[in-house]
Amino acid sequence: MNLNDLQNISSQFKNSQKMPVLFLGHGSPMNAIEENQFVQGFRNVAKEIPKPNAILCISAHWYTDGTKVTAMKMPKTIHDFGGFPQALFDVQYPASGNPELAHETAELLKPVLVEEDHNWGLDHGAWSVIKHMYPNADIPVIQLSIDYTKPPQYHFDLAKKLEKLREKGILIIGSGNIVHNLGLIDWRNIDTVGAGWDWAIEARELTNNWLLDGNFQNLIDYHKQGTSMRYAIPTPDHYLPLLYSLGLKSKSEDLVLFNDDLIGGSLSMTSVKIG
């Protein structure tokens with residue numbers, strides 16, 4: 001990509017102050033329709049940052065062989081879950097897409113081959129949190145998938161190529177959960193904020209310390225960090241969005257935590273704001 005290409009990135013968008021980057025612990029799909037401290041946290045962080053020109057979301061729920069980006073004009077609202085009340089399935093989040101931004105994103109990520117996808121849409125990892133931040137659905141949203149064939153370091157490094165978008169008013173959001181073990185949920189405390197198994201408490205403490213100390217290599221090499229981390233991250237899908245957000249942090253930028261609580265024994269809602 002030459003200099004002119006870089007200068008023309010998202011040419012429809014004016015240059016802006018460098019946008020922050022977020023990682024949002026999205027938790028249960030029910031957060032989309034419930035009122036609790038976590039959805040208030042999503043609203044609060046939206047008030048703290050400039051209104052974006054568009055949003056690029058890396059969601060745990062678009063886990064693919066290869067890398068894709070949504071490129072349709074009007075992405076559908078995907079209800080990618082089961083067993084919840086009809087009211088949750090009735091939710092629609094009619095934000096537009098942005099095919100031009102999708103194409104620019106694919107160009108930025110070269111030589112990685114990125115498929116411009118017209119079949120996916122917005123899954124609940126995206127819309128269940130973004131709807132609280134921008135309830136009018138007046139900001140275009142695209143999604144970037146996570147290539148499940150690649151190791152953690154790859155995802156951290158790939159994110160760095162998206163840096164230019166931050167200067168065009170694009171808000172990049174990773175959406176997942178740092179501690180996420182659905183097989184070990186404490187159903188008696190599914191709605192109890194602060195409830196965590198011993199290993200979950202330890203994993204939260206470890207990851208928070210590494211986040212605040214800037215020790216991202218330990219976070220990238222999470223699979224080497226002992227038993228509590230293995231329980232916390234039995235599969236990488238909900239964890240990898242965090243690495244995309246961290247990959248975009250410059251050394252001079254601040255990192256703060258919010259929504260920093262365990263719930264249901266084996267889930268953390270810990271979220272991160274960078275910049």
Side-chain angles (χ1 to χ4, degrees), residues 9-10 12-13 19-27 29 31-32 42 46 52-81 91-110 112-134 137-150 154-156 158-159 161-166 168-177 236-248 271:
I9 289 296
S10 305
Q12 62 188 303
F13 300 133
M19 284 295 292
V21 176
L22 301 176
F23 170 77
L24 301 179
H26 65 241
N31 285 321
F42 302 146
N53 292 323
I55 296 170
L56 170 60
C57 184
I58 300 99
S59 165
H61 293 278
W62 201 19
Y63 205 46
T64 59
D65 185 353
T67 304
K68 302 181 182 184
V69 63
T70 55
M72 67 287 289
K73 291 183 178 179
M74 287 301 301
K76 62 188 174 183
T77 303
I78 303 173
H79 300 89
D80 50 331
F81 41 71
V91 174
Q92 296 292 315
Y93 189 70
S96 67
N98 192 302
E100 294 81 9
L101 177 58
H103 181 72
E104 303 283 12
T105 300
E107 289 292 311
L108 278 176
L109 294 179
K110 285 182 175 179
V112 172
L113 179 63
V114 179
E115 177 186 343
E116 295 183 31
D117 178 87
H118 295 270
N119 297 313
W120 190 245
L122 301 180
D123 59 55
H124 82 268
W127 63 260
S128 71
V129 290
I130 296 172
K131 74 179 289 290
H132 294 297
M133 300 175 67
Y134 305 108
D138 55 349
I139 298 171
V141 182
I142 68 170
Q143 283 195 223
L144 182 70
S145 76
I146 300 170
D147 184 351
Y148 60 70
T149 71
K150 303 297 185 183
Y154 171 91
H155 298 287
F156 181 83
L158 185 66
K161 296 187 174 187
L162 301 172
E163 175 69 22
K164 194 69 178 178
L165 297 181
R166 298 181 62 189
K168 293 289 186 176
I170 311 303
L171 176 62
I172 300 175
I173 299 175
S175 178
N177 292 97
D237 48 310
H238 275 69
Y239 184 80
L240 291 175
L242 172 69
L243 298 187
Y244 278 85
S245 299
L246 298 183
L248 284 158
S271 300

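Take K110 and apply the salt bridge (charged side-chain N to carboxylate O under 4.0 Å, His left out) test, not counting sequence neighbours, and it matches E107. Scored by the side chain to side chain donor-acceptor pair (under 3.5 Å) test, T70 finds no partners at all (sequence neighbours excluded). Under the rule for a salt bridge (charged side-chain N to carboxylate O under 4.0 Å, His left out), E116 has no partner lying at least two apart in sequence or in another chain.
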Discussion item. Show, in sequence, the C-alpha distance, side-chain angles and deciding distance for H118 and K68, and conclude whether the side-chain contact (heavy atoms from CB on, under 4.5 Å) test is met.
Written reply: CA-CA 10 Å; H118 295 270; K68 302 181 182 184; over 6 Å; no

Start with the C-alpha gap between I130 and Y93, add the side-chain angles, then the distance that decides, and say whether side-chain contact (heavy atoms from CB on, under 4.5 Å) holds. CA-CA 9 Å; I130 296 172; Y93 189 70; 3.4 Å; yes

task: Show the numbers, then the answer: is there a side-chain contact (heavy atoms from CB on, under 4.5 Å) between I146 and T67?
output: CA-CA 6 Å; I146 300 170; T67 304; over 6 Å; no

With side-chain contact (heavy atoms from CB on, under 4.5 Å) as the test, would you mind laying out the steps for L22 and M133 before giving the verdict?
-> CA-CA 12 Å; L22 301 176; M133 300 175 67; 3.6 Å; yes

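Remark: I55 CD1 to I139 CD1 distance equals 5.0 Å, nearest 0.5 Å. Expressed to the nearest 0.5 Å, how far CG of L171 lies from CG of L165 amounts to 11.0 Å. How far CD1 of I142 is from CE of M72: 10.5 Å, rounded to the nearest 0.5 Å. In this structure, CG on L243 lies 13.5 Å from OH on Y154, to the nearest 0.5 angstrom. To the nearest 0.5 Å, atoms NE2 (H155) and CG (D147) are separated by 6.0 Å. Here CG of D65 is found 10.5 Å from CD of E115. Values are rounded to the nearest 0.5 Å.
Side-chain atoms of R166 never come within 3.5 Å of backbone atoms of I172 as a donor-acceptor pair (strictly under, hydrogens ignored). Between the side chain of N98 and the backbone N or O of P140, no donor-acceptor pair lies under 3.5 Å. Remark: the backbone N or O of S128 is not paired with any side-chain donor or acceptor of N31 at under 3.5 angstrom.
In terms of heavy atoms, A60 sits closest to D237 at CB-O, 3.3 Å. When all heavy atoms are compared, the tightest approach of G174 to S245 is N-OG, 3.5 Å. Between G25 and S271, the shortest heavy-atom contact is N-OG, 2.9 Å. A pairwise comparison of heavy atoms in G66 and S145 identifies O-OG, 3.6 Å as the closest pair. Nearest heavy-atom pair across G125 and S59 is CA-OG, 3.4 Å. A159 and G247 get closest at one heavy-atom pair: CB-CA, 4.2 Å.
Counting heavy atoms from C-beta on, the side chains of I170 and M19 never come closer than 4.5 Å. At least one side-chain heavy atom of L162 sits less than 4.5 Å from a side-chain heavy atom of L144. With contacts defined as side-chain heavy-atom distances shorter than 4.5 Å, the pair Y63/P236 qualifies. Inter-residue side-chain proximity for P99 and K73 is flagged as met; some heavy-atom pair is nearer than 4.5 Å. You'll find the side chain of Y244 reaches within 4.5 Å of the side chain of L158, heavy atoms only. Contact annotation: the side chain of P241 never approaches that of S175 to less than 4.5 Å [non-hydrogen atoms, C-beta and beyond]. No side-chain heavy atom of F23 sits less than 4.5 Å from a side-chain heavy atom of I173. Under the 4.5 Å side-chain criterion, counting only non-hydrogen atoms from C-beta, W62 is in contact with D117.
Using cut-offs of 30° and 60° for the angle between ring planes, the H26 and H61 rings count as tilted. Ring geometry for F81 against H124 counts as perpendicular: the plane angle is over 60°, on a 0 to 90° scale with 30° as the lower cut.
For the side chain to side chain contact (heavy atoms under 4.5 Å, CB included) with L122, the qualifying choice from K131, Q92, Q143 is Q143, the only one to do so.
Here the two rings, on H132 and W127, have centers that are 6.0 Å apart or farther.
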